[in-house]
Amino acid sequence: MRVTVFGAGAIGGYLAAKLAIAGKVDLSIVARGAHLDAIKADGLRLIEDGHESVAPVRAAARAEELGVRDYVVLALKAHSVGPALDQIAPLLGPDTAVVTMQNGVPWWYFHKAGGALEGTRIQAVDPGGTIWQRLGPKRVIGSVVYPAAEVDAPGLIRHVEGTRFSLGEPSGEKSERVTRLARELVAAGLQAPVRDDIRNEIWVKLWGNLSFNPISALTGSTLAAIVADDATRALARAMMLEAQAIGESLGVRFPVAVDRRIKGAGDVGEHKTSMLQDLERGRPMEIDALVTAVQELGRLTGQPTPTIDSVLALVRRLAIERGCYQV
């Protein structure tokens, strides 16, 4: 099996290292800069459970060096996929599967979803439907990512917690390509359940990201602090209820109650969300995939989103002022 991880940052690097150490697939990565140089020189290093391992991987700055692959894992943030399409193209053959590991509402959401919105392109994450046209939703295997990892230094990934990468075909079928991929992830020591409706799991993770990420960016607060404060907890809850109404109108089943989901976020503790970390580091923020896309789904389904609208307006304005969002 020929697998390329495109974007070998924290999550992509962790996944690539686990697969490479297991040694059962032809594994390569596309990376750049000092990270790429370090991997070429010393291998991809992984710290897990206090032990450091070195994964010998084929690393390249340009996909043309790698050729057509069986699986391409997109471990980029959602706003980076469109600009990378030309770089991704050389990896794609007629039967190449593309595994999407972005947070938020995926660009392919309405492929094989059924109903009146079948085939709808979501402008917030795929303006003009460019990704849909260039990659093609038929290639997609959806994924919901749970591990936490950090890039401690160029070429050095530190695993924090979690090993689950849920997988699912947009159609819900247990295809040979998704079950084969799941087997390889499990062989590498990861959890890889194959879901018959990956959208349900996408929404449960999105439920928290939609609310806690922008609130944390606006306030500078950790998850524990947001949940402990009556006002910010109520604000998050209102956003989540609006999102739940949208999801349920699309046929999504939420397996946990909203207050239990909020408690779970608080139990994570003094953790800064990814959006807050991006703001502090001056990096592009995942506003559109996590918040704007949910607002768009509200418009498409006729569900009101007054709280989401207000928080989105504030966090977008803040991000623009800090140079972390481009209009």
Side-chain angles (χ1 to χ4, degrees), residues 1-81 83-91 98-103 143 145-163 165 184-185 187-190 271-272 274-286 323-324:
M1 181 192 293
R2 298 167 298 173
V3 180
T4 290
V5 177
F6 194 102
I11 295 301
Y14 172 61
L15 176 64
K18 294 292 284 184
L19 287 170
I21 291 167
K24 305 216 179 261
V25 302
D26 175 1
L27 190 283
S28 58
I29 63 173
V30 176
R32 61 185 180 182
H35 195 50
L36 173 64
D37 294 339
I39 293 168
K40 282 187 169 183
D42 303 314
L44 179 59
R45 295 179 294 147
L46 172 66
I47 298 174
E48 188 173 29
D49 298 327
H51 302 289
E52 181 174 325
S53 303
V54 179
V57 301
R58 185 181 178 191
R62 301 170 64 248
E64 290 91 336
E65 301 174 37
L66 303 174
V68 171
R69 313 301 282 173
D70 299 314
Y71 295 85
V72 176
V73 178
L74 296 185
L76 306 166
K77 289 193 173 181
H79 51 256
S80 298
V81 175
L85 289 172
D86 286 342
Q87 301 170 61
I88 296 166
L91 301 169
V98 173
V99 186
T100 58
M101 290 191 169
Q102 288 67 56
N103 283 325
S143 179
V145 175
Y146 293 95
E150 297 286 345
V151 179
D152 276 2
L156 177 61
I157 307 296
R158 178 173 54 85
H159 176 246
V160 178
E161 63 177 359
T163 61
F165 292 84
E184 296 300 338
L185 295 186
L190 302 168
H271 171 72
K272 292 183 177 182
S274 60
M275 195 177 286
L276 175 56
Q277 292 181 48
D278 286 343
L279 177 67
E280 291 178 340
R281 297 171 186 175
R283 301 186 304 207
M285 294 160 64
E286 293 180 286
C324 298

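Numbers here are sequence positions counted from 1. Remember, it's a predicted structure, so these values are computed and weren't measured experimentally.
Side-chain N or O atoms of Gln87 include none that pairs as donor or acceptor with a backbone N or O of Arg62 at under 3.5 Å. Formation of a donor-acceptor pair under 3.5 Å by the Glu48 side chain with backbone atoms of Ser53 is not found in this model. Using a distance-only test at 3.5 Å, with no hydrogens or angles considered, no donor-acceptor pair links the side chain of His35 to the main chain of Pro154.
Arg2 and Val68 make their closest contact through NH1-O, 3.3 Å (heavy atoms, listed as atom of the first residue, atom of the second, distance). Between Ser28 and Thr4, the shortest heavy-atom contact is OG-OG1, 2.6 Å. Contact record, Ile157 with Tyr14: CG2-N, 3.9 Å, taken as the closest heavy-atom pair. Nearest heavy-atom pair, Ile88 versus Val81, reported as atom, atom and distance to 0.1 Å: CD1-O, 4.4 Å. Listed here is the closest heavy atom pair of Glu286 and Ser274: OE1-OG, 3.9 Å. Listed here is the closest heavy atom pair of Gln277 and Lys272: NE2-O, 2.9 Å.
For His79, the ring pair (Phe, Tyr, Trp, His ring centres under 6.0 Å) test picks out no residue, with sequence neighbours left out.
Within the model, atoms CG of Asp278 and CZ of Arg283 stand 4.5 Å from one another, a figure rounded to the nearest 0.5 Å.
Looking only at side-chain heavy atoms (C-beta outward), Ile29 and Leu36 stay at 4.5 Å or farther from each other.
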